[in-house]
Colleague: 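Sharing a structure with you now.
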Amino acid sequence: MQVGLGFWASKTLLSAVEMEVFTELAGHSEDIDTLRGRLGLHPRAARDFFDALVALGFLRREDGRYANTPDTDYFLDRRKPSYIGGLLEMAGHRLFGFWNDLTPALRTGLPQNEAKSGGEPFATLYADPRRLKEFLRAMSGISRPANMTIAKRFPWASYRSYVDAGTAQGDLAAQIALANPHLKGIGFDLPEVGPIFEDYIAELQVADRVTFTGGSFFSDPLPKTDVVLMGHILHDWNLDEKLMLLEKAYEAVPTGGAVVIYDSIIDDDRSKNAFGLLMSLNMLIETPGGFDYTGADCQAWMRKAGFRETRIEHLAGPDSMVIGIK
């Protein structure tokens with residue numbers, strides 16, 4: 001029952017993020033009338049809504065005043081660089097409705113998103129500037145913990161350059177530059193992403209070392225570099241496309257160079273990483289052929305592409321990285 005009716009709690013949180021409840025309460029508390037008025041809620045709804053957020057652990061209430069918890073203040077205040085709510089915004093606006101059609105997806109194997117009536121899903125998404133910006137913010141939100149871990153844990157001292165392929169807003173490229181002043185990086189993505197990437201990189205003050213190159217990793221070679229990274233990219237594509245991308249990464253790096261692939265890697269027994277398995281169902285909803293995979297799967301694909309050495313390292317939450325050395 002808890003799982004079956006889980007959409008109640010899910011939509012309550014998604015609506016709170018959409019209405020910026022946690023941004024409103026950042027750093028201070030408010031009584032119910034003030035909070036209701038500033039958010040524009042109906043009197044009938046407000047108390048149950050705020051108290052449900054208390055019961056779910058997202059707000060605190062003391063002496064009739066509501067406040068963020070430490071976690072929601074850190075992660076869901078839109079003004080903080082630690083904000084990860086972009087993914088939740090996209091979930092509320094896009095994924096929540098698309099998942100209503102999971103059963104047709106299971107029966108047909110076809111996407112249920114904007115491309116449901118035909119066409120390439122990313123082309124449809126990238127053609128709408130508002131949805132594109134929301135999507136790129138979402139990629140930063142879901143990726144930031146892993147990005148920061150890669151920036152600090154990978155042995156960057158052995159390398160001088162990197163390419164973040166499918167860079168989106170550019171958070172991985174930026175976090176690596178922030179943690180490693182000796183490196184120069186490139187964000188590689190479709191040209192429409194360029195202005196959003198450049199604004200974000202400038203905001204984080206690494207534009208002198210991180211630049212954008214527009215292109216498609218299907219029709220264009222990847223820029224030559226020491227390390228190629230693909231974060232939450234490989235799972236978007238079918239098996240042949242996955243192999244092609246790994247082959248392009250292999251060609252882009254020198255002997256001793258590396259490729260770093262990270263996704264919500266499924267455990268080899270396919271029974272523990274529920275998030276990774278559900279993400280793979282999300283790829284069923286979102287893409288014509290994408291799927292998530294185990295670490296053993298990715299290592300086998302890397303060896304097939306020519307990488308002589310591979311290893312798997314856990315990053316943060318459900319995410320792990322698979323590293324291949326040429």
Side-chain angles (χ1 to χ4, degrees), residues 2 5-97 130-149 151-152 168-172 174-175 178-179 196 199-206 275 315-319:
Q2 188 172 15
L5 297 177
F7 64 92
W8 289 3
S10 173
K11 189 58 180 175
T12 299
L13 174 61
L14 296 180
S15 290
V17 170
E18 180 182 1
M19 293 188 292
E20 302 187 11
V21 171
F22 308 107
T23 303
E24 171 63 28
L25 290 174
H28 69 281
S29 63
E30 293 181 10
D31 61 62
I32 188 169
D33 291 331
T34 301
L35 186 57
R36 179 184 65 78
R38 290 182 63 83
L39 296 176
L41 271 64
H42 192 280
R44 181 189 175 200
R47 186 176 296 278
D48 284 349
F49 178 58
F50 297 138
D51 287 347
L53 290 169
V54 171
L56 290 167
F58 298 120
L59 291 181
R60 294 181 293 112
R61 188 187 66 233
E62 187 172 342
D63 297 328
R65 297 179 68 84
Y66 295 90
N68 289 338
T69 68
D71 283 348
T72 54
D73 200 67
Y74 185 77
F75 289 114
L76 295 180
D77 173 8
R78 179 188 285 273
R79 300 187 190 99
K80 289 186 174 68
S82 51
Y83 180 70
I84 62 169
L87 178 67
L88 299 179
E89 293 175 36
M90 186 179 76
H93 296 154
R94 297 182 63 250
L95 301 182
F96 196 90
R130 182 188 64 80
R131 284 180 178 254
L132 174 60
K133 193 165 186 176
E134 179 181 78
F135 174 74
L136 299 184
R137 282 200 310 268
M139 293 305 97
S140 293
I142 194 174
S143 302
R144 182 162 296 118
N147 293 346
M148 296 179 73
T149 304
K152 295 173 183 175
Q169 196 175 23
D171 190 68
L172 176 57
Q175 297 301 332
L178 287 168
I196 299 170
D199 286 347
Y200 187 72
I201 294 299
E203 180 183 330
L204 295 183
Q205 300 182 350
V206 289
F275 186 91
L315 292 170
D319 282 339

Colleague: Yes or no on side-chain contact (heavy atoms from CB on, under 4.5 Å) for Thr12 and Leu56, after CA distance, side-chain angles and deciding distance?
Modeller: CA-CA 9 Å; Thr12 299; Leu56 290 167; 4.3 Å; yes
Colleague: Closest heavy-atom contact between Ala174 and Ile201?
Modeller: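 Taking Ala174 first and Ile201 second, the nearest heavy atoms are CB-CD1, 3.8 Å.
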Colleague: If you measure from NZ on Lys11 to CD on Glu18, what distance do you get to the nearest 0.5 Å?
Modeller: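 One gets 6.0 Å once the value is rounded to the nearest 0.5 Å.
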Colleague: Determine whether a donor-acceptor pair (N or O, by modelled atom type, separation under 3.5 Å) exists between the side chain of His28 and the backbone of Ala26.
Modeller: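 Yes, His28 side chain to Ala26 backbone: donor-acceptor pair under 3.5 Å.
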Colleague: Before giving the answer on side-chain contact (heavy atoms from CB on, under 4.5 Å), spell out for Leu25 and Phe50 the whole-Å C-alpha distance, their side-chain angles and the decisive distance to 0.1 Å.
Modeller: CA-CA 12 Å; Leu25 290 174; Phe50 297 138; over 6 Å; no
Colleague: Could you pull out the closest heavy-atom pair between Phe96 and Ser10, with the gap in Å?
Modeller: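 Heavy atoms only, the tightest pair is CE1-OG, 4.0 Å.
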Colleague: Just wondering, are more than 12 heavy atoms of other shown residues or ligands nearer than 6.0 Å to NZ in Lys152?
Modeller: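 Counting neighbours around NZ of Lys152, 12 or fewer heavy atoms of other residues, nucleotides or ligands fall under 6.0 Å, so no.
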Colleague: Taking atom OG1 of Thr69 and atom CG of Leu53, what is their separation to the nearest 0.5 Å?
Modeller: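 The OG1 atom of Thr69 sits 10.5 Å away from the CG atom of Leu53.
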Colleague: Look only at the side chain of Arg36 and the backbone of Ala46, and say whether a donor-acceptor pair between them is shorter than 3.5 Å.
Modeller: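 No, Arg36 side chain to Ala46 backbone: no donor-acceptor pair under 3.5 Å.
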Colleague: Is a donor on one side and an acceptor on the other found under 3.5 Å between the side chain of Arg144 and the backbone of Pro81?
Modeller: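 Judged by distance alone, yes, a pair lies under 3.5 Å.
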Colleague: State the CD1-OG distance between Ile84 and Ser140, to the nearest 0.5 angstrom.
Modeller: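 So the CD1 of Ile84 and the OG of Ser140 are separated by 12.0 Å.
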Colleague: Atom CZ in Arg65, atom CD in Glu30: separation rounded to 0.5 Å?
Modeller: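 Reported to 0.5 Å precision, the distance equals 7.5 Å.
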Colleague: Determine, stepwise, if the pair Tyr200 / Leu204 fulfils side-chain contact (heavy atoms from CB on, under 4.5 Å).
Modeller: CA-CA 6 Å; Tyr200 187 72; Leu204 295 183; 3.6 Å; yes
Colleague: What's the separation between atom CD in Gln169 and atom CG in Leu132, rounded to the nearest 0.5 Å?
Modeller: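 Rounded to the nearest 0.5 Å, the CD-CG separation comes out at 10.0 Å.
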Colleague: Pick out which of Lys80, Arg79, Arg78 makes a salt bridge (charged side-chain N to carboxylate O under 4.0 Å, His left out) with Asp73.
Modeller: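 That would be Lys80.
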Colleague: So, the side chain of Arg60 versus the backbone of Asn68: is there a donor-acceptor pair under 3.5 Å, distance only?
Modeller: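 Checked: pair present.
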Colleague: Considering all heavy atoms of both residues, which atom of Pro318 and which atom of Phe275 are nearest to each other, and what is their separation?
Modeller: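 Residues Pro318 and Phe275, closest heavy atoms: CG-CD2, 3.4 Å.
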Colleague: Using the side-chain contact (heavy atoms from CB on, under 4.5 Å) rule, take Val21 and Phe49 through it: C-alpha gap first, then chi angles, then the decisive distance, then the call.
Modeller: CA-CA 11 Å; Val21 171; Phe49 178 58; 4.1 Å; yes
Colleague: For Leu35 and Glu24, work out which heavy atoms get closest and say how close.
Modeller: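 Taking Leu35 first and Glu24 second, the nearest heavy atoms are CD1-CG, 3.7 Å.
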Colleague: Which heavy atom in Leu76 sits nearest to a heavy atom in Leu88, and how many Å separate them?
Modeller: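 Result for this residue pair: CD2-CD1, 3.9 Å.
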Colleague: Hey, can you tell me if Phe58 and Phe22 have their rings parallel, tilted or perpendicular (30° and 60° cut-offs)?
Modeller: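 Perpendicular, since the angle between the ring planes exceeds 60°.
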Colleague: How long is the gap from OG on Ser82 to CG on Asp77, to the nearest 0.5 Å?
Modeller: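 Output value for this atom pair is 7.5 Å.
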Colleague: If you look at every heavy atom in Ala67 and Ser29, which pair is closest and at what distance?
Modeller: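 Where Ala67 meets Ser29 most closely, the heavy atoms are CB-CB, 3.9 Å.
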